[in-house]
Asker: 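Take a look at this one; I'll ask things after.
Within every chain, numbering begins at 1; the chains are lettered A, B, ... in the order of the sequence lines, protein sequences first and strands thereafter.
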Amino acid sequence: MSGDYLSLFRSLLGKAWLPRFQEWKQPGMAEKILIERPAARGHGDLATNLAMIAAGAVRRPPRELAAELADDARQATELAGHIETVEIAGPGFINFTLSNKSLLGAAREALAAGEGFGAGTAPKPEKILLEFVSANPTGQLHAGHARYAAYGDSLRRILSFAGHDVTTEFYINDYGSQMDLFGRSLASRYAQELGRDVPFPDKGYLGDYPVHLAMRIIAEAGDRYLEEADPELAPGAGDFFKLIGRDLVLEEMRRVLEEFRVTFDNWFSERTLHESGAVKQSLAELEKAGEMYEKDGALWLSTTRYGDDKDRVLVKENGELTYIAADIAYHRDKLSRGFDRLINIWGADHHGYVPRMKAALEALSHDSEKLEVIIGQLVNIVEMGERKQMSKRAGTMVTLSELIDSIGVDAARFFLVDRSHDSPMDLDIDKARMQSEENPVYYVQYAHARISSILRKAREAGAGADRPLDAGPRPELAVQERDLILKILEFPGAAASAAMTRGPQRLTAYARDLAAIFHVFYHNCPVIKAESATAASRLALCRLTRNVIARCLGLVGVSAPEAMQRAGD
RNA sequence: GCGCCCGUAGCUCAGCCGGAUAGAGCGUCGGCCUCCGGAGCCGAAGGCCACAGGUUCGAAUCCUGUCGGGCGCGCCA
């Protein structure tokens, strides 16, 4: 946790106050110290509400406790040099004003920490498997997938930065009745394109996409598979085509995801679980553990024993396996790979599935606490002020590819991740396109470009752009300069909070704040034009600010440009 | 009917392990470019934090209920 000044300050306070906690017989109090930035400027740089928390336990007036704590802080050798003033205010807040020297020292350390500033905040680093998107390989990725892709990939970056060992995985649902239907739809379109009438299956995959796939197959292989496409001649026609189709679809998905800056360490095929016997094996294990029973000709798993609201069928009456049978084997496989935690990102339409999956893991004597399912709310497409459901059939589907084309990767990723994953989102594609130039992402990127420009100018002028932050004495700091440093010092906390709450929007919000504070600093504090020592110090502060902005953007997969193109060009 | 999520400025949404005067972007109105990038800054208007109770010194935040919206409740995936 290098460069985390606020944590350091907290632990110094804990040390200074330890005798007082012992006197109050509240030895655990040090854990409860919460350091915040007060909302109002008159309330100092940092504040703690500890006296008010303690008042309840000690049964004494908060202001009285605050007075004692404030005295201790003023006299503590640990804090000497860090603190300018300590004041009590309101119902019992203790407000600290930090010394310029301490602030500059903190900024210097943050700069020296470089890439490591704010990294490694996880209290207990874990080996994590993060599974997301996992779309059926039967069509294109849509805006809903885009949301989960942006969210999941940001989470990968954020959790890794916090010190976790993260592996990402895309589960390919390439087995079962949907795939069969897809294969038969594709076979039919292929034959039809070649002039042979092979009937289109009932409830098959409509739309242009299977037709495009068929045409691609023709472009590559001509009519070579024509006999294969006809179920009259080849009983396994669907099987043949679904595998070709799957590969084409996956290739396309991978390409679009990469363009969206989302990559997966593993692509895991459901089919392989059936072929390797892994599904049968986990069924046998459940059977052996006495967790299964037969009813109505089907095989059931007693998930109700572990909190599910009804038992679930694993083997259907007709002998086919249900989706969850394979999913159990899949999660068993994940756990066998030695992960401390499995994080799954599922759409809200799958949330009812969580209890049965956890129950299944319990039935296999696994700790279901290891499975963390994050439910992402859905994306509504808004057109002409009207909400439409995302539907492949109704043609109201906006694809990831279209989204990238209309607003670009940066704006799309920032937009998708800027609101919390558990509130539903409206996406008006036309509005998004029109407003793309006013997207908040540019506000943050502009600050980065502006700083880059200042640093370029300084370097050209030989103004010492690379001099260390503490070059020369700097007894004075402008308020805007103090605000900027204090905001930067919040970064490790923001990154930690984003990781802990699985909330990338903490970082986009933080980045916006930081950019705003930088713009204010810029308008009030000359950098290059300041006298030499001040200029050197401010240039270093600019570098630090740029690093942090770039880091925030990088953690959500958004680029940090050295220069912005002018709007309207 | 039961379960999960959401209800905060005109719009899109942060804040939700309780804290001081509730924030941002967009939109509206008024200022600021001989000066390091005006995609910026400064100011103004705009809020019973859905509603009603409860816990607390203190509630947008925690608990209960009501209303409104989304999503589930398959031998589909």
Asker: Within less than 4.0 Å of OP1 or OP2 of B/rC17, is there a side-chain N or O belonging to A/Lys32?
Answerer: no
Asker: How is A/Tyr443 classified with respect to the nucleic acid when contacts are heavy atoms under 4.0 Å: base, sugar-phosphate, or nothing?
Answerer: sugar-phosphate
Asker: Examine B/rC76: is either OP1 or OP2 under 4.0 Å from a nitrogen or oxygen in the side chain of A/Lys316? Give yes or no.
Answerer: yes
Asker: Using a strict cut-off of less than 4.0 Å between a Lys/Arg side-chain nitrogen and an Asp/Glu carboxylate oxygen, indicate whether A/Asp309 and A/Arg312 qualify as a salt bridge.
Answerer: yes
Asker: Using a 4.0 Å heavy-atom cut-off across all strands, classify A/Gln505 as base, sugar-phosphate, or nothing.
Answerer: sugar-phosphate
Asker: Which residue lies toward the 5' end of RNA chain B, A/Ile454 or A/Ile375, if each is placed at its nearest nucleotide?
Answerer: A/Ile375
Asker: Write down the distance separating the C1' atoms in B/rG7 and B/rU66, rounded off to the nearest Å.
Answerer: 14 Å
Asker: Please classify the glycosidic conformation of B/rC35 as syn (within 90° of 0) or anti (everything else).
Answerer: anti
Asker: Using 30° and 60° as the class boundaries, would you call the ring planes of A/Tyr323 and A/Tyr353 parallel, tilted or perpendicular?
Answerer: tilted
Asker: Examine B/rC4: is either OP1 or OP2 under 4.0 Å from a nitrogen or oxygen in the side chain of A/Tyr353? Give yes or no.
Answerer: no
Asker: Verify whether the ring centers belonging to A/Phe132 and A/Tyr148 lie closer than 6.0 Å.
Answerer: no
Asker: Reckon A/Ser453 touches a base, only the sugar-phosphate, or nothing at all at heavy-atom distances under 4.0 Å?
Answerer: base
Asker: List the atom pairs, donor and acceptor, that lie under 3.5 Å between side-chain atoms in residues 36-43 of chain A and the rest of the protein, sequence neighbours left out.
Answerer:
residue : atom : partner  : partner atom : Å
A/Arg37 : NE   : A/Asp45  : O            : 3.2
A/Arg37 : NH1  : A/Glu490 : OE2          : 2.9
A/Arg41 : NH1  : A/Asp483 : OD1          : 3.3
A/Arg41 : NH1  : A/Asp483 : OD2          : 3.1
A/Arg41 : NH2  : A/Asp483 : OD2          : 3.1

Asker: Students often get this wrong, so: under 4.0 angstrom with heavy atoms, is A/Val315 touching a base, only sugar-phosphate, or nothing?
Answerer: nothing
Asker: Would you give a per-nucleotide map of nucleotides 18-23 of chain B, 5' to 3', where B means the base has a protein non-hydrogen atom under 4.0 Å away, S means only the sugar-phosphate does, and - means neither?
Answerer: -BBB--
Asker: Taking atom C1' in both B/rA24 and B/rA14, what distance in whole Å separates the two?
Answerer: 7 Å
Asker: Tell me whether the count of non-hydrogen atoms from other residues, nucleotides or ligands lying under 6.0 Å of NZ in A/Lys280 goes above 12.
Answerer: no
Asker: Is the distance from OP1 or OP2 of B/rG15 to the nearest side-chain N or O of A/Arg506 less than 4.0 Å?
Answerer: yes
Asker: Closest approach of A/Ala54 and A/Trp24, non-hydrogen atoms and distance?
Answerer: CB-CZ3, 4.1 Å
Asker: Is the phosphate of B/rG74, meaning OP1 or OP2, less than 4.0 Å from a side-chain N or O of A/Lys310?
Answerer: yes
Asker: In the structure I gave you, are the side-chain heavy atoms of A/Leu378 and A/Pro424 within less than 4.5 Å of one another anywhere?
Answerer: no
Asker: For atom P, what is the distance between B/rC42 and B/rG47, given to the nearest Å?
Answerer: 23 Å
Asker: Between B/rG43 and B/rG3, how far apart are the P atoms? Round to whole Å, please.
Answerer: 49 Å
Asker: Give me the distance, rounded to whole Å, that separates B/rG15 from B/rG25 when you measure between the C1' atoms they each carry.
Answerer: 15 Å
Asker: At under 4.0 Å between heavy atoms, what does A/Asp296 touch on the DNA or RNA strands: base, sugar-phosphate, or nothing?
Answerer: base
Asker: Would you say A/Ser423 places a side-chain N or O within less than 4.0 Å of OP1 or OP2 belonging to B/rA14?
Answerer: yes
Asker: State, to 0.1 Å, how close A/Ala143 and A/Val379 come at their nearest heavy-atom pair, and which atoms those are.
Answerer: O-CG2, 4.0 Å
Asker: Regarding B/rG3, can its base be found pairing with the side chain of A/His351 as donor and acceptor, where the two atoms are less than 3.5 Å apart?
Answerer: yes
Asker: State whether A/Arg305 and A/Glu362 are salt-bridged, where the test is any N-O pair (Lys NZ or Arg NE/NH1/NH2 against Asp/Glu carboxylate O) under 4.0 Å.
Answerer: no
Asker: Quick one: closest heavy-atom pair of A/Leu301 and A/Ala363, and the distance?
Answerer: CD1-CB, 4.3 Å
Asker: With A/Arg512 as the cation and A/Tyr443 as the aromatic partner, state whether NZ or CZ is under 6.0 Å from the six-membered ring centre and within 45° of the axis.
Answerer: no
Asker: So, is the end of the A/Arg271 side chain (NZ or CZ) under 6.0 Å from the ring centre of A/Phe268 and within 45° of the ring's axis?
Answerer: no
Asker: At under 4.0 Å between heavy atoms, what does A/Cys542 touch on the DNA or RNA strands: base, sugar-phosphate, or nothing?
Answerer: nothing
Asker: Taking the C1' atom of each, how far is B/rU8 from B/rA60, in whole Å?
Answerer: 7 Å
Asker: Which part of the nucleic acid does A/Ala447 contact within heavy-atom distance under 4.0 Å: base, sugar-phosphate only, or nothing?
Answerer: nothing
Asker: Any base atoms under 4.0 Å from A/Ser420, or only sugar-phosphate, or nothing? Heavy atoms, all strands.
Answerer: sugar-phosphate
Asker: Report the nucleotide, chosen from B/rC36, B/rC41, B/rA77, that has the shortest atom-to-atom distance to any side-chain atom of A/Tyr522.
Answerer: B/rC36
Asker: Less than 4.0 angstrom between a side-chain N/O of A/Gln480 and OP1 or OP2 of B/rC41, yes or no?
Answerer: no
Asker: Where are the stems of RNA chain B, defined as at least 3 consecutive Watson-Crick or wobble G-U pairs with both distances under 3.5 Å?
Answerer: B:1-7 with B:67-73, B:10-13 with B:23-26, B:28-32 with B:40-44, B:50-54 with B:62-66
Asker: Rounded to whole angstroms, how far apart are CZ on A/Phe182 and P on B/rC76?
Answerer: 21 Å
Asker: Reading RNA chain B from 5' onward, which residue's closest nucleotide shows up sooner: A/Met425 or A/Ala516?
Answerer: A/Met425
Asker: If we take the C1' atom in both B/rA20 and B/rA59, what is their distance in whole Å?
Answerer: 14 Å
